Amino acid sequence: MLDKLLYIETFGCQMNVNDSERIVSMLAELGYVPTNSPAAADMILLNTCSVRGGAEEKVYRRLANLRIYKRDGKKQIIAVGGCVAQQEGDRLLEKLPYLDLVIGTHNLHLLPDMVRGAERGERRSETTFIDNEERLDLFPTINGESRLSRFVTVMQGCDNFCSYCIVPFVRGREISRRSGDILAEVRQLAEDGVREVILLGQNVNSYGLKSDSEPSFATLIRRVAEIEGINRIRFTTSHPKDISDELIACFADIPQLSGQIHLPAQSGSDKVLKSMGRGYTRDSYLDKVARLRGVRPDLVFTGDIIVGFPGETEYDFEQTISLMESVRYIDLFSFVYSPRPGTKAAELPDDLPKAEKMARLDRLMQLQRRHTSEICSRYLNTNMTVLVEGEGKLPGQVSGKGDIGRIVNFAGDRSLIGSFVDVRIIKAYPNSFLGEL
Ligand code: 5AD
Ligand code: SF4
């Protein structure tokens, strides 16, 4: 049988990246192999994100562009998945006559059947919200493609309803996977040669909290750490309010636990944090950072900040800048607030001019560039243990990640791929390091 070509574009978070991996694996069974060329593809899928308004519009523009390929009279399946699909459902099929499939966030398991139908010309949309135990059996695992670092979903959804956020509406309530299933998956991955797992969920710190029979997230990490072959454990995303003492203790005594943690603050102003419904204060956030550093002094932090939240004054923004100065993130993802219909914050009066919001974002990004550069230059002439994952940027180079999650390129032989090696850092770039063996 001739291979069919599958082209996927992924927007938004790591949840979507992981879902795209699952889609590739599921559709491989129908004979689809990934391609980088939308023009050549037999199927195009956009895995969408609706966290910010701009991303959504981007999807519509992208779909309009992709339509060109279909117009050539070529039989091509066009599909939309992810959060925009979940939100818009049938409306997308109605609006876009050239669209074949719409697949919601809880319906991935239906995709092979939907694609078979689409190959016969059937258009279909599946966006049923599955917010119960049934969802636990709907985590198709990823087969094939051997890789050294893999995501493992531990929970999905979110119960926090931060006032700006669309996620609880499009991804549903928090649901934790059974720890038995998670550990079995990690054991299998270890056997297949995986060396690093990234425990994934919208809010991993509240893993297991809703169930009497499941362990806490900290205990889950300890059990993963017992699995032979898994030398590095990361997790994302954490909610600062749910970082427990037990989890902080993990950083003290689990050497496999990564030297980087993503801890989105969103704002440094108590007033704004309250209006966001974040459930922590500036001080309690900084206290958690200090306690984490107390047990792991070299831990590096990454975070998310929203600027221009409704009601954010110059003083509130200064508070955010000062929080950044206290934490000193190695990397920061910063966004201008974007109102999402249906969320509480979308109802709040927002009279700050767009230009002022952009100016704040600009100032924040400038400060972050300085912090990134200062923190990274601390690693110059030090050794870093790198898991070599593949070929590097330039010929003759290999590339991998250090304990703090940054990419390190260095001259080395392909035979190093798959092993942990000590590399001396000789240059720090904005997004990567250059090293030598
Ligand atoms: N506007 C701007 N940024 C947002 N985020 C989530 N919702 C919004 C919104 N409405 C950001 C938060 C979150 C990240 C994934 O996206 O910082 O942590
Ligand atoms: Fe959104 Fe808040 Fe849940 Fe994160 S914790 S997904 S920001 S509602």
Side-chain angles (χ1 to χ4, degrees), residues 10-19 47-59 82-84 86-87 105 151 155-172 174 198 200-206 235-243 260-269 272-273 275-280 282 285 288-289 301-312 316-317 319-321 323-324 327 329 331-350 352 354 356-358 360-362 364-365 368:
T10 307
F11 300 82
C13 65
Q14 276 160 321
M15 229 65 63
N16 273 10
V17 174
N18 186 227
D19 281 348
N47 199 359
T48 63
C49 168
S50 57
V51 161
R52 285 168 296 275
E56 204 170 300
E57 265 80 65
K58 211 154 102 190
V59 169
C83 293
V84 176
Q86 184 62 47
Q87 223 172 284
T105 50
F151 290 114
M155 55 86 64
Q156 282 186 340
C158 183
D159 287 354
N160 288 315
F161 288 91
C162 299
S163 65
Y164 51 81
C165 187
I166 196 79
V167 165
F169 302 96
V170 285
R171 290 273 171 172
E174 252 171 50
I198 307 159
L200 185 65
Q202 223 77 48
N203 187 12
V204 289
N205 309 128
S206 45
F235 56 83
T236 194
T237 283
S238 291
H239 194 305
K241 79 173 163 52
D242 300 318
I243 296 268
Q260 171 260 337
I261 180 169
H262 188 66
L263 203 58
Q266 312 297 3
S267 168
S269 147
V272 173
L273 286 172
S275 172
M276 287 175 163
R278 289 290 285 172
Y280 54 85
R282 167 196 178 81
Y285 179 89
K288 295 220 164 139
V289 170
F301 290 78
T302 55
D304 294 344
I305 294 282
I306 297 176
V307 298
F309 188 77
E312 185 191 74
D316 295 320
F317 178 65
Q319 292 286 96
T320 297
I321 292 286
L323 179 110
M324 285 171 68
V327 179
Y329 297 97
D331 266 318
L332 188 68
F333 303 92
S334 46
F335 313 98
V336 169
Y337 168 71
S338 147
R340 306 312 292 130
T343 60
K344 253 165 79 188
E347 313 287 314
L348 297 173
D350 183 7
L352 196 66
K354 181 91 198 272
E356 177 56 31
K357 294 188 183 195
M358 296 314 288
R360 286 182 191 174
L361 181 71
D362 207 48
L364 183 149
M365 285 168 71
Q368 184 52 45

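One-based numbering, in listed order, for ligands and for the atoms of each. Quick caveat, the model's predicted, so the values are computed rather than measured.
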Open item on the list: Between Glu312 and Arg360, does any NZ, NE, NH1 or NH2 come within less than 4.0 Å of an OD or OE carboxylate oxygen?
Closed with: yes
TODO: Answer yes or no on whether Arg340 is positioned over the face of Tyr164, meaning its NZ or CZ is under 6.0 Å from the six-membered ring centre and within 45° of the axis.
DONE: no
Open item on the list: Test your reading of the structure: does Tyr164 have an N or O sitting under 3.5 Å from an N or O of ligand 1?
Closed with: yes
Open item on the list: Evaluate Asp304 for polar contact with ligand 1, using N/O atom pairs at a separation under 3.5 Å.
Closed with: yes
Open item on the list: Ring centres under 6.0 Å, that's the criterion: do Phe301 and His262 meet it?
Closed with: no
Open item on the list: Counting only heavy atoms closer than 4.0 Å, does ligand 1 sit against the backbone of Phe335, its side chain, both, or neither?
Closed with: side chain
Open item on the list: Is there a side chain to side chain contact (heavy atoms under 4.5 Å, CB included) between Thr343 and Phe161? Walk through the geometry before answering.
Closed with: CA-CA 8 Å; Thr343 60; Phe161 288 91; over 6 Å; no
Open item on the list: Below a 4.0 angstrom heavy-atom separation, can you tell me which part of Val336, side chain or backbone, both or neither, approaches ligand 1?
Closed with: backbone
Open item on the list: Show the nearest heavy-atom pair for residues Ala265 and Leu273, with the distance to one decimal.
Closed with: O-CD2, 3.4 Å
Open item on the list: Quick one, Phe309 and Ser267 - any side-chain contact, counting heavy atoms below 4.5 Å?
Closed with: no
Task: Selected option - heavy-atom contact closest to atom 4 (C) of ligand 1, from Leu332, Val307, Ile306 - done: Ile306
Open item on the list: Within ligand 1, which atoms have a heavy atom of Gln266 less than 4.0 Å away?
Closed with: 12 (C), 13 (C), 17 (O), 18 (O)
TODO: Could you name the option among Cys13, Ser338, Gly12, Ala346 that has the heavy atom nearest to atom 9 (C) of ligand 1?
DONE: Ser338
